[in-house]
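Excluded from the calculations below are hydrogen atoms, water molecules and symmetry mates; all remaining heavy atoms, backbone and side chain alike, are included.
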Amino acid sequence: MTYPPPHAALSGRVDPPPYAGFRGPAAPSPYASGGSGRLPAAGPAHAKRREPEETSARPAYAAVPIAGVREPVRGRHRVPVNGPVSGAARASVAAWPIGALLLGYPLWWALGLGALSVVVLAVPMAVVLWRRRPIRAPKGFGLWALLLTGYLVSALTLAETPDGTYGELNTGRVVGYLMRLAVYVSLLIMVLYLGNLTLEELPQRTLVRWLGTLFLTAVAGGLLGVLAPRFEFTSPLEMVLPSWLGGNPFVANLIHPTAAQVQHVLGHASPRPEAPFEWANAWGSDVSVLVIWFVVGWWTYGGPYRRAAAVLLLAVAAVPVVYSLNRGLWIGLGVSAAYLAVRGGRPLLAGLVTAVAGVAFVLSPLSGIVAQRLDNPQSNGIRAFTIATTVRVAASSPVIGFGNTRTAYGSHRTTTTGRSAWCPDCGHPPLGSDGHLWLLLISQGFTGALLYVAFFAGAVRRYWTDRSPIGKAGTLVMILVLLYMVVYDGLVSALTLYLISFALLWRNGATTATGAFHGDRRRP
């Protein structure tokens, strides 16, 4: 029996044990319940083979109750999850909702349901969960349940208008609240659904490569935003929604497909790619998460041809990444490179690759665009005003918040202006729009913000010892969540990717030393 080397990391592939490809009934498991961990002694050569007795075994997809089941210790010697032991990693019919979400994202975007597709697909996910009760839940998920409960309670303050803000309770405020509530519930269902699928139904490597496919979709959308920034169209959903709903700014951003946002970030009109996501900042945060899983799926678990293609595709992706003018994305990529250098297992190689990429970038025309962006920090004053006002307003309802965003009087330049019928562009962005932490402060108070931080920080602490490629990549995503919460609004697509990454960590941590998952019938 062989085990992978303790240094297996993002930089290489680890083969399964030599007996992993045998699936016959005569292959007893040394890890079966009550086993000693040793293979049974071979019988006499002339011994008659006995067929296994018929049993009323649980189906392979049956869930194991969480009560009494301890999560196995994650250590340096766990075999990475390579999918079914018999050949290629293929997903079963039960995994179709998550496949439809990730692989079918361009279609959802064209229909006007891009980010909201998780709400639609949460329905079949819930059906799958209901049919395989009892349902497992990961450690620390109670914090997410409390966050959701707190959001329900915050509805009591929807009608309030705190000092320094204006606007009465209206349809738009209620619609925004209900949509966010639907997203939070859908994401809870999605995580439980992913965690209760067996590895035979949805191999880890398959899920990682689906995320890599979505990365390629995002790169294609980014190139569309650079080359055709004015491209947009009316989606089918937009056509059928009533004007009072489709005209809501929050809803309109979600259902109206556009290739880019044209902004005057550099002092002149500049396109910032956003397709196929909600807005430019969502594109930046999503790409920085998806590129991590793309590297794991195409480089770590890829053959020579896939690795060569990965290098070329990453070079192409650099174009929309730079033209996005997204400083948060650039910082996130820098953090990811530093993390890989420290925990990747080959720091010298990682440093050399980073240095070569840096020199190539400096010598390219793209470096001039980055320099212009850093010299034009127009949004800093807006962010400072919004954040300071958000904290001050949230302090007046620190426990449950106000259920939704509010609009403040004035701006970073004046204290008297505000949006009105004769000047719809006056005023300032809604409070909480400059980062998910600030959105939680205004909508759920300091309690909601603390629960959010505790959930993702707890995931970093819990899975830090997972040294498999998926474990290291997922932990990096959890770190980026804590970084991005001060600059990016997580709703909707970004938070979906964050929690898919969390589910990958949970599934990885719930495997045994041989890579099997609780509830799987198969054993090596």
> Measure from NZ or CZ of R132 to the centre of the six-membered ring of W130, then state whether that distance is under 6.0 Å and the direction lies within 45° of the axis.
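So R132 doesn't make the cation-pi contact.
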
> Go through the side-chain N and O atoms of S92 and E200 and say whether any donor and acceptor fall under 3.5 Å apart.
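No.
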
> Kindly give the heavy-atom pair with the smallest separation between N196 and E201, and that separation in Å.
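Looking at all heavy atoms of both residues, the shortest contact is O-OE1, 4.4 Å.
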
> Quick one: are the ring centres of H436 and Y484 less than 6.0 Å apart?
no

> Is R343 close enough and on-axis enough to W464, meaning under 6.0 Å and within 45°, for cation-pi?
yes

> List the atom of P276, the atom of Y105, and the distance in Å for their closest heavy-atom pair.
O-CE2, 3.2 Å

> At what distance, to the nearest 0.5 angstrom, does OG of S433 lie from CG of D489?
8.0 Å

> Do you know which two heavy atoms are closest between A218 and F277, and how far apart they sit?
CB-CE1, 3.7 Å

> Measure up the F455 and W144 rings against each other and bin them: parallel (under 30°), tilted (30 to 60°), perpendicular (over 60°).
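Aromatic pair F455/W144 classed tilted.
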
> List the atom pairs, with distances to 0.1 Å, where a side-chain N or O of residues 108-121 and a protein N or O form a donor-acceptor pair under 3.5 Å, not counting sequence neighbours.
residue : atom : partner : partner atom : Å
W108    : NE1  : A100    : O            : 3.0
S117    : OG   : G114    : O            : 2.7

> I need the minimum non-hydrogen distance between G297 and R306, along with the two atoms involved.
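Closest pair (atom of G297, atom of R306, distance): O-CD, 3.8 Å.
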
> For residues 187-194, tabulate all N or O donor-acceptor pairs below 3.5 Å that involve a side-chain atom, not counting sequence neighbours.
residue : atom : partner : partner atom : Å
Y193    : OH   : A94     : O            : 2.7

